[in-house]
> 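The structure's right below; bear with me while I get my questions together.
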Amino acid sequence: MKKELERLLSQNDTFMVEGVLNKNKLSELARQYNPELLNLLMSNEKISQHFFATLETGVLVFKKDIFLQFLNNKEFLPDSFTAYKTKIGLATGDKYLSENQEVVLNFPYKDCVLEGGQTKDDAKRQEIFFNETLAPTQINRLLDDKVLTNFKRYDETGEHEVEELKDTDNLIIKGNNLIALHSLKKRFAGKVKLIYIDPPYNTGNDSFNYNDSFNHSTWLTFMKNRLEVARELLTDDGLIFVQCDDNEQAYLKVLMDEVFRRNNFISNIVWKGRGGRQDSKYIAQIHETIIFYAKNKEQAILNKTSIEDTAAYTYEDSRGSYKTQLIRKWGSNSRREDRPNLFYEVEFEGKKVLPILPNGDDGRWRWSKNRLEEAIENDMVVSLEKDGRIELYEKIYKGNGKKQTVFTSWIDESFAGQGTKVLEEMFKEKVFDYPKPEQLIKKLIDLTTDEGDIVLDYHLGSGTTASVAHKMNRQYIGIEQMDYIKTVSAERLKKVIAGEQGGISKDVNWSGGGSFVYAELKNDAQDFKNQILEATTMEELLKLFELAKKSSFLSYRIDPKKLRKNEFEKLSLAEEKQILSEIIDNNNLYVNYSDIDDSDYGVSAEDKKLNHTFYRKEK
């Protein structure tokens, strides 16, 4: 059969590369149900009977999966294929593209769909799992609801078992943030008022230490996958802040235009986040950017800040004291040609009035004609003589000693070192690099939320966002996959509940209280993958190899009988790690909620009950 199929396919030059049948190209054509390929297969009776099913109507149905399995058999065209994975068929010269350092292979679904290369914030590793691809159907299952486990509730009296989940509970979830975000959809879609994230900046000094050829697209793919589901979680009037620096700011803005739509962009907020290096070769960078979008800008409402009003109210009428502001535009863009539609005549106290500049040239009004005429009708306009000229002024009445100020796109306060200082006072040592100051997060939460609103941070880090939200009486959700979620993030929140007085505590009169629920995505193959990453010897990897052959999370593409110990032992340590990673079915990194009753996963009755509540399933 193998020889017959090879002879048949070799009749068509389309399937050849440099005179040799190319398995990768044949696989691609089969997935596309290419007519040229199918017609050729049907032309041979023996081949047709093997790869097509005949319906009662006489119609032939292509058995694509059978054909692909046949192609991927290592005994078919063995010279173009290894025992474990198909080589990319296209080449430049005598090198496959995957081996050529000058060519970028940009797959739509990369390993960054899952983890973005992160293991620890301060550790880098060779990215050997990068070119892994996942079909859309696999990703759909991968992102199904996952089982949560290890539930704990923390309040002023300590740690407790969770007996019930409330809609108002604060949540801290350990696990891959993309998968956790998708698991949150059942419960929180359309309910989150604010998302703030401070993701890795892709500087080369953080966890995204890929080969430079892949670095940029990998980071953007990582961000896009998460931003798309984050948008689904926002309320219709919800808002999102994404903090970054100049390494990716421009590209991230374009990406967010796509995900959130360009018309929902509000502002690039510039924060003077640090002092510049005195030895900078070019320009000392002293700022970071916070990109600000609404889910639906027309529905978004921002809170204004009230400050003490010290202005002089020098006029008075029956309504009270008032100050004035010129209605004619002054300064730049104040000429008629700057805004011709705002040069018009209005009637005031029986006189025709035009906006005329002090030099006698035509000027323009600050307001539309409808608005100015309405203000005149409501007695909110007065004519005053200043410098020998009669002009129209707006009446601004004295309020309750407070005036409203608008948030600007420039935050000058650096709160220098405050983020680090808060953590060092809590833990008596340095536990986190570059934590954001609570004062910055408070400004953003003040601007966009009210008490009781839900705030989400899916790059939780040291827990600044959750801590500030807790002190400001906002409900919050934090997601983090690093192990320090237990030793730093959750521990920090416990200290907040106990009444710690760092950061914004004095500003908001914080004295302690409240609670949060901690939970983890239940691992399956992820535990196995972690063991691969942590392995340092071939002996450890050989044990994992033998375990993989018997495991339930082996990819359906892999025939355990083809995993031969004598071939595996010939590989290098890095190659062994790569092979073990690639034979895992990534659908099984975490336990799906649909498999919660499978006894193999050992989900307790208590966890089942809480998961049913979380996903609003009655059992």
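For the numbers below, each heavy atom of this structure counts, side chains included, while hydrogens, waters and symmetry mates do not. Keep in mind the model is a prediction, meaning the values are calculated, not measured.
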> Can a salt bridge be assigned to the pair Arg153 and Glu159 using a cut-off of 4.0 Å between side-chain N and carboxylate O?
no
> Hey, which of Leu233, Leu165, Ile477 is the one that makes side-chain contact (heavy atoms from CB on, under 4.5 Å) with Arg187?
Leu165
> Would you indicate whether the side-chain heavy atoms of Ile479 and Leu184 approach each other to under 4.5 Å?
yes
> List the steps and the verdict of side chain to side chain contact (heavy atoms under 4.5 Å, CB included) for Thr420 and Leu423.
CA-CA 5 Å; Thr420 300; Leu423 288 181; over 6 Å; no
> Hey, are the side chains of Lys486 and Tyr518 touching, using non-hydrogen atoms and a 4.5 Å cut-off?
yes
> Provide the closest heavy-atom pair for Phe528 versus Ala548 in the form atom of the first, atom of the second, distance.
CZ-CB, 3.8 Å
> Working note: Glu491 + Lys495, criterion salt bridge (charged side-chain N to carboxylate O under 4.0 Å, His left out); need CA distance, chi angles, decisive distance, verdict.
CA-CA 6 Å; Glu491 285 299 320; Lys495 295 177 186 295; 5.3 Å; no
> Please examine the side chains of Thr465 and Lys436, heavy atoms only from C-beta on, and report whether any two atoms are closer than 4.5 Å.
no
> Quick check: closest heavy atoms across Ile497 and Gly514, and the distance to 0.1 Å?
CG2-O, 3.7 Å
> Quick one, Phe427 with Phe432, criterion ring pair (Phe, Tyr, Trp, His ring centres under 6.0 Å). Give me CA distance, side-chain angles, the key distance, then yes/no.
CA-CA 10 Å; Phe427 295 97; Phe432 208 86; over 10 Å; no
> Does Glu575 offer a backbone N or O that forms a donor-acceptor pair with the side chain of Gln578 under 3.5 Å?
no
> Taking all non-hydrogen atoms of both residues, which atom of Asp236 and which atom of Asn296 are closest, and how far apart?
O-ND2, 3.1 Å
> Given 3.5 Å as the limit, does a donor-acceptor pair link the side chain of Glu540 with the main chain of Thr536, or not?
yes
> Between the main-chain N or O of His459 and the side-chain N or O of Asp457, is there a donor-acceptor pair closer than 3.5 Å?
yes
> Evaluate side chain to side chain contact (heavy atoms under 4.5 Å, CB included) for Glu520 paired with Leu148, printing each intermediate quantity in order.
CA-CA 5 Å; Glu520 300 176 354; Leu148 293 164; over 6 Å; no
> Any non-hydrogen side-chain atom of Leu181 less than 4.5 Å from a side-chain atom of Leu456?
yes
> Could you grab the distance from atom NZ of Lys152 to atom OG of Ser515, nearest 0.5 Å is fine?
15.0 Å
> Rounded to the nearest 0.5 Å, what separates atom CZ in Arg226 from atom CD1 in Ile197?
9.5 Å
> Could you state the interatomic distance from CD (Glu161) to CZ (Phe151), rounded to the nearest 0.5 Å?
11.0 Å
> Checking Leu447 against Phe292 for the side chain to side chain contact (heavy atoms under 4.5 Å, CB included) test, could you report, in this order, the C-alpha distance in whole Å, the side-chain angles of both residues, the deciding distance, and whether it holds?
CA-CA 12 Å; Leu447 177 66; Phe292 185 19; 4.1 Å; yes
> Is any side-chain heavy atom of Phe265 less than 4.5 Å from a side-chain heavy atom of Lys253?
yes
> Side chain of Asp595, backbone of Val591: donor and acceptor closer than 3.5 Å?
no
> Rounded to the nearest 0.5 Å, how far does CG of Leu544 lie from OG of Ser581?
11.5 Å
> Does the pair Lys608/Asp597 count as a salt bridge with the N-to-O cut at 4.0 Å?
yes
> Going by heavy atoms in the side chains, are Tyr293 and Asp257 under 4.5 Å from each other?
yes
> Are the charged groups of Lys186 and Asp145 less than 4.0 angstrom apart, N to O?
yes
> Would you check if the side chain of Ser489 reaches a backbone N or O of Gly461 as a donor-acceptor pair within less than 3.5 Å?
yes
> Going by heavy atoms in the side chains, are Trp510 and Met472 under 4.5 Å from each other?
no
> Taking side chain as C-beta onward, heavy atoms only, is Met256 less than 4.5 Å from Val242?
yes
> Ring-plane angle category for Tyr33 and Phe62, please: parallel below 30°, perpendicular beyond 60°, tilted otherwise.
perpendicular
> Could you pull out the closest heavy-atom pair between Leu521 and Gly175, with the gap in Å?
CD1-CA, 4.0 Å
> Could you tell me whether a side-chain N or O of Asn150 sits under 3.5 Å from a main-chain N or O of Ala519, the two making a donor and an acceptor?
no
> Give a yes-or-no answer on whether the side chains of Glu480 and Tyr458 include a donor-acceptor pair shorter than 3.5 Å.
no
> Thinking salt bridges, do Asp167 and Arg616 make one under a 4.0 Å N-O criterion?
yes
> Are His470 and Phe516 close enough that their ring centres sit under 6.0 Å apart?
no
> Can you tell whether the side chains of Glu500 and Lys471 come within less than 4.0 Å, N to carboxylate O?
yes
> Whether the side chain of Arg31 engages the backbone of Lys64 through a donor-acceptor N/O pair (distance < 3.5 Å, no angle test) should be reported.
no
> Under the salt bridge (charged side-chain N to carboxylate O under 4.0 Å, His left out) rule, what do Glu606 and Lys609 come out as? Steps first, then yes or no, please.
CA-CA 5 Å; Glu606 293 77 12; Lys609 176 184 174 183; over 6 Å; no
> Does a salt bridge link Glu546 with Lys549, judged by any charged N lying under 4.0 Å from a carboxylate O?
yes
> Between Asn592 and Ser594 (side chain of the first, backbone of the second, donor and acceptor by atom type, cut-off under 3.5 Å), is there such a pair?
no
> How long is the straight-line distance from OG1 of Thr448 back to CD1 of Ile240, given to the nearest 0.5 Å?
11.5 Å
> Salt bridge or not for Glu438 and Lys442, using N-O below 4.0 Å?
no
> State whether the side chain of Gln475 and the backbone N or O of Val455 hold a donor-acceptor pair below 3.5 Å, judged by distance alone.
no
> How close do Lys577 and Ala535 get, heavy atom to heavy atom, and via which atoms?
NZ-O, 2.9 Å
> Per the ring-ring contact (aromatic ring centres under 6.0 Å, His included) rule, which among Tyr615, Phe614, Tyr601 passes with Tyr593?
Tyr615
> Could you tell me which non-hydrogen atom of Asp144 sits nearest to which non-hydrogen atom of Lys146, and how far apart they are?
O-NZ, 2.8 Å
> Check whether more than 12 heavy atoms from other residues, nucleotides or ligands sit under 6.0 Å from atom CD of Gln32, and answer yes or no.
yes
> Could you tell me whether Asp607 and Lys522 make a salt bridge, using a distance below 4.0 angstrom between a side-chain N and a carboxylate O?
no
> Tell me whether Arg474 contacts the main-chain N or O of Thr449 through its side chain, where contact means a donor paired with an acceptor under 3.5 Å.
yes
> From Glu539 CD over to Leu541 CG, what is the distance, rounded to the nearest 0.5 angstrom?
9.0 Å
> Apply side chain to side chain contact (heavy atoms under 4.5 Å, CB included) to Asp237 and Lys295, showing your working.
CA-CA 6 Å; Asp237 60 348; Lys295 184 175 182 179; over 6 Å; no
